[in-house]
K.L.:
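What follows is a single structure, and I will ask about it in a moment.
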Amino acid sequence: MYLLEALERFAAMPAAEVKKVGYEIAMLGTKGIDINDPTAKYSIKTLPGDYSGLRLLCFEYVSFKQIDPSLDIGFDLSKEYASALLLRDSRPKG
């Protein structure tokens, strides 16, 4: 569902902003992000609010898939991403 959320949020954002989100999360990740803790304890400048590590990882994954689908962020969510795309595409428009 985090991947679907990212797909929907990024659809309304310019590509340059999506890229900023991905890069900011990647930089945060160099300090360590705990993807196993569901606590919303991370914040980034490019998106308001607090996020869990897994939610941020999903946002990063979608961001980089939109920037360059061939990039490898070191975490494979390809099956989950494909499911999120199917869910997004099956939702009624409008």
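These values consider heavy atoms only, across backbone and side chains, with no hydrogens, waters or symmetry-generated copies.
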K.L.:
Between Leu86 and Tyr2, is there shared hydrophobic-cluster membership here, with clusters defined by ILVMFWY side-chain heavy atoms closer than 4.5 Å?
P.N.:
no

K.L.:
So, using side-chain hydrogen bond (donor to acceptor under 3.5 Å, both in side chains) as the criterion, who are the partners of Thr30 when residues are at least two apart?
P.N.:
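Listed in chain order: nothing, the list is empty.
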
K.L.:
Show me the pairs that pass ring-ring contact (aromatic ring centres under 6.0 Å, His included) and involve residues 66-90, at least two apart or across chains.
P.N.:
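Applying ring-ring contact (aromatic ring centres under 6.0 Å, His included) to every pair that reaches into residues 66-90, excluding sequence neighbours, yields Tyr61-Tyr81.
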
K.L.:
What about Leu54 and Leu87, same hydrophobic cluster or not, with Ile/Leu/Val/Met/Phe/Trp/Tyr joined at side-chain heavy-atom distances under 4.5 Å?
P.N.:
no

K.L.:
Please list, chain by chain and in numerical order, all residues satisfying side-chain hydrogen bond (donor to acceptor under 3.5 Å, both in side chains) with Ser90, sequence neighbours excluded.
P.N.:
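side-chain hydrogen bond (donor to acceptor under 3.5 Å, both in side chains) check on Ser90 returns nothing, list empty.
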
K.L.:
Considering residues at least two apart in sequence or located in another chain, which fulfil the side-chain hydrogen bond (donor to acceptor under 3.5 Å, both in side chains) criterion with Asp89?
P.N.:
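Testing Asp89 for side-chain hydrogen bond (donor to acceptor under 3.5 Å, both in side chains), a comparison that skips the adjacent residues, returns none.
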
K.L.:
Is the shortest side-chain heavy-atom distance between Gln66 and Lys19 below 4.5 Å?
P.N.:
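No. Closest side-chain heavy atoms not under 4.5 Å.
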
K.L.:
Going by the rule ring-ring contact (aromatic ring centres under 6.0 Å, His included), which residues pair with Tyr23 if we only count those two or more places apart in sequence or in a different chain?
P.N.:
Phe64

K.L.:
Starting at CD1 of Ile67, measure out to CD1 of Ile73 and round the result to the nearest 0.5 Å.
P.N.:
10.5 Å

K.L.:
Dump the intermediate steps for side-chain contact (heavy atoms from CB on, under 4.5 Å) on Asp37 and Ser52, then the final yes or no.
P.N.:
CA-CA 7 Å; Asp37 183 355; Ser52 69; over 6 Å; no

K.L.:
Side-chain atoms of residues 43-51: list all donor-acceptor pairs with protein atoms under 3.5 Å, sequence neighbours left out, distances to 0.1 Å.
P.N.:
{"unit_1": "Thr46", "atom_1": "OG1", "unit_2": "Glu24", "atom_2": "OE1", "d": "2.7"}
{"unit_1": "Tyr51", "atom_1": "OH", "unit_2": "Arg9", "atom_2": "NH1", "d": "3.3"}
{"unit_1": "Tyr51", "atom_1": "OH", "unit_2": "Pro48", "atom_2": "O", "d": "2.5"}

K.L.:
Any ring-ring contact (aromatic ring centres under 6.0 Å, His included) involving residues 30-50? Give me the pairs, sequence neighbours left out, ordered by first then second residue.
P.N.:
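Non-adjacent pairs meeting ring-ring contact (aromatic ring centres under 6.0 Å, His included): zero.
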
K.L.:
Considering only residues two or more places apart or on different chains, which pairs with a residue in residues 54-69 satisfy salt bridge (Lys or Arg N to Asp or Glu O under 4.0 Å)?
P.N.:
Glu5-Arg55

K.L.:
Just how far is it from atom CZ of Arg88 to atom CG of Leu4, taken to the nearest 0.5 Å?
P.N.:
8.5 Å

K.L.:
Is there a side-chain contact (heavy atoms from CB on, under 4.5 Å) between Ile33 and Leu57 once you walk through the steps?
P.N.:
CA-CA 8 Å; Ile33 295 177; Leu57 177 69; 5.9 Å; no

K.L.:
What pairs with Phe10 under ring-ring contact (aromatic ring centres under 6.0 Å, His included), at least two apart in sequence or on another chain?
P.N.:
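Phe10 satisfies ring-ring contact (aromatic ring centres under 6.0 Å, His included) with Phe59 only.
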
K.L.:
Examine Ile35 and Met1 and state if one hydrophobic cluster contains both, with Ile, Leu, Val, Met, Phe, Trp and Tyr joined whenever side-chain heavy atoms are less than 4.5 Å apart.
P.N.:
no

K.L.:
Sequence neighbours left out, what passes salt bridge (charged side-chain N to carboxylate O under 4.0 Å, His left out) with Lys20? Give chain and number order.
P.N.:
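Lys20 satisfies salt bridge (charged side-chain N to carboxylate O under 4.0 Å, His left out) with Glu17 once adjacent residues are dropped.
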
K.L.:
Output every pair passing side-chain hydrogen bond (donor to acceptor under 3.5 Å, both in side chains) with a member in residues 71-80, not counting sequence neighbours, ordered by first then second residue.
P.N.:
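Non-adjacent pairs meeting side-chain hydrogen bond (donor to acceptor under 3.5 Å, both in side chains): Asp76-Ser78.
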
K.L.:
Would you sort out whether Val62 and Cys58 count as a side-chain contact (heavy atoms from CB on, under 4.5 Å), showing the intermediate values?
P.N.:
CA-CA 6 Å; Val62 172; Cys58 290; 5.7 Å; no

